Number of protein chains: 2
Amino acid sequence: MPRAGLSRDAVVRIALEQVDAGGPTGLADLTLAKVAASAGVATPSLYKHVGSLAALRRHVALVALEELTTASAAATVGRAGPDALRALAHAWRAYASAHPGRYAAVQLAPDPEAAEDAEHRTAAARVVALVGAVLHGFDLPDDRTIDAVRVVRAGVHGFVVLELGGGFRLPEDLDRSFDALVDMLVTGVTALADAPSSPDPQEQP
Amino acid sequence: MPRAGLSRDAVVRIALEQVDAGGPTGLADLTLAKVAASAGVATPSLYKHVGSLAALRRHVALVALEELTTASAAATVGRAGPDALRALAHAWRAYASAHPGRYAAVQLAPDPEAAEDAEHRTAAARVVALVGAVLHGFDLPDDRTIDAVRVVRAGVHGFVVLELGGGFRLPEDLDRSFDALVDMLVTGVTALADAPSSPDPQEQP
DNA sequence: ACCGTTGGCTAACAGTATTAGCTTGTTGGC
DNA sequence: GCCAACAAGCTAATACTGTTAGCCAACGGT
């Protein structure tokens, strides 16, 4: 009996197909049994390549994070300021819309301690660093860029999550609502650049 | 042998305890076996009260939605405009922070078709209606309040989800970042009230 | 006091991940 | 070219899930 010739990458590739096929819940529905069946192999054989189901999910998350990073970088290259921020937000939503299952994997937070999550951590750090780089063109005071990055992430991530999860009832006008959000982010970040850096609302005469 | 004297509400109550005990992943870790053990009953007995694990999750979601609605209503009563919006956002985050597991249940979208999700649908509609009511004080044009509601929901939900999921690395200054988000939402919604209602960026002289 | 309803039980089935241990194909060293 | 070591598959088994079927006894109303 010949052997299947699997590898870790091959297993991850099959897992990605399965995640993509499952829509927004594709990641949750990912199962070793189905991956093994699709690979033409018995379930325990996968452990020669993957370690565990959770590890396989982490590998999927890694791919998704890298794809999201390169897509965002490609969309924002050559742009700066509001232009770059708009492009970033739209690239983000476009990726989530094109790959709902993979975007769900992006949400998986890496363990801040575990050694085997090191790659995952740096990939996650890379994508938020990209957001920081895009916001660099706004001339924010140093102690405010963290707030700006968080606000931007929260806004577009929240919108995308609600959209994918069916949280918005009427499918119509979603584009316009997203545009409204992006406008708000742009003006909000520029306002943050002009705001005082002290947390207290003390006016500076 | 005496009987345990369970009821649907009792089962849901135990499920809520279990969800609360599990932190942000409490809902995902909810299991009929553990609920039954905690109730001192065999697992299949629960089916006399609940229907399925998914149904139990829906009941948990219902409770969470109702709690979130009443908490939000209590926080915004007697307030209007920016004041009300700020109170709503903080109440939302406070509830998620106090009950991470239950807040995860809020994210469960009800099936738009299924008859048994009717209660769930109306509960979900009620909480977004409350957001709409809070925004009423901003004098938004009719076709813009949908956008405003969505933007507000996306912003605070996104922040809360990232915070609970450990998406923000540094635990410090989270309050200030959230304040920045809320400020942005307030100015963004007021700006939306003054914006033209036509989707095209045609200036109106 | 009976008798139907209801809430519990056990048994069984179909899934899931995971570990242990075996066998066999492949490949590197001499 | 052979042989040993390693790698990649397998089966068997364990321990969990949820779920259905069918039985039996406790409770409540007449």
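Atoms considered below: every heavy atom in the structure, side chains included; atoms not considered: hydrogens, waters and symmetry mates. Just so it is clear, the model here is predicted, and its values are computed rather than measured. Order of the sequence lines sets the chain letters (A, B, ...), proteins ahead of strands, with each chain counted from 1.
- Computed from coordinates, the A/Leu30 CG to C/dT16 P distance equals 12 Å when rounded to whole Å.
- In this model, the phosphate group of C/dT6 is not approached by any side-chain N or O of B/His49 to a distance below 4.0 Å at OP1 or OP2.
- Using a 4.0 Å heavy-atom criterion, one finds that A/Ala33 contacts the sugar-phosphate atoms exclusively.
- If you take CG of B/Leu46 and P of D/dT19, they are 11 Å apart, rounded to a whole angstrom.
- Judged by distance alone, with hydrogens and angles left aside, the side-chain atoms of A/Arg150 form no donor-acceptor pair with the main-chain N or O of B/Glu163 at under 3.5 Å.
- Proximity note for A/Leu53 (side chain, C-beta onward) versus C/dT10, D/dA25, C/dA17: the nearest is C/dA17.
- Side-chain atoms of B/Leu32 lie closest to D/dG18 of the nucleotides C/dT18, C/dG8, D/dG18.
- For the pair B/Leu6 CG and C/dG7 C1', the interatomic distance rounds to 9 Å; values are reported in whole Å.
- Side chain of B/Ser97 to backbone of B/Arg93: no donor-acceptor contact under 3.5 angstrom is found.
- With rounding to whole Å, B/Arg57 atom CZ is found 13 Å from D/dT17 atom P.
- Side-chain atoms of B/Arg57 come within 3.5 Å of backbone N or O of B/Leu27 as a donor-acceptor pair.
- Between the OH atom of A/Tyr47 and the P atom of C/dT19 there is a distance of 6 Å, given to the nearest Å.
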Return all side-chain donor-acceptor pairs below 3.5 angstrom for residues 104-113 of chain B, not counting sequence neighbours, or 'none' if the list is empty.
residue  : atom : partner  : partner atom : Å
B/Asp111 : OD1  : B/Glu113 : N            : 2.8
B/Asp111 : OD1  : B/Ala114 : N            : 3.4

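- Between C/dC9 and B/Ser45, a contact under 4.0 Å exists linking OP1 or OP2 to a side-chain N or O.
- Counting only distance, with no hydrogens or angles, the side chain of A/Ser72 and the backbone of A/Leu68 share a donor-acceptor pair below 3.5 Å.
- Distance from the side chain of B/Ala42 is smallest to C/dC9 among C/dC9, C/dT18, D/dA26.
- One interatomic measurement links the two molecules: NZ of B/Lys48 to P of D/dC23, which rounds to 13 Å at whole-angstrom precision.
- Residue contacts for A/Thr43: at a heavy-atom cut-off of 4.0 Å it reaches a base atom on one of the strands shown.
- Checking the phosphate oxygens (OP1, OP2) of C/dA17, a side-chain nitrogen or oxygen of A/Thr31 falls inside 4.0 Å.
- Counting to the nearest Å, the P atom of D/dC16 and the CG atom of B/Asp29 are 16 Å from each other.
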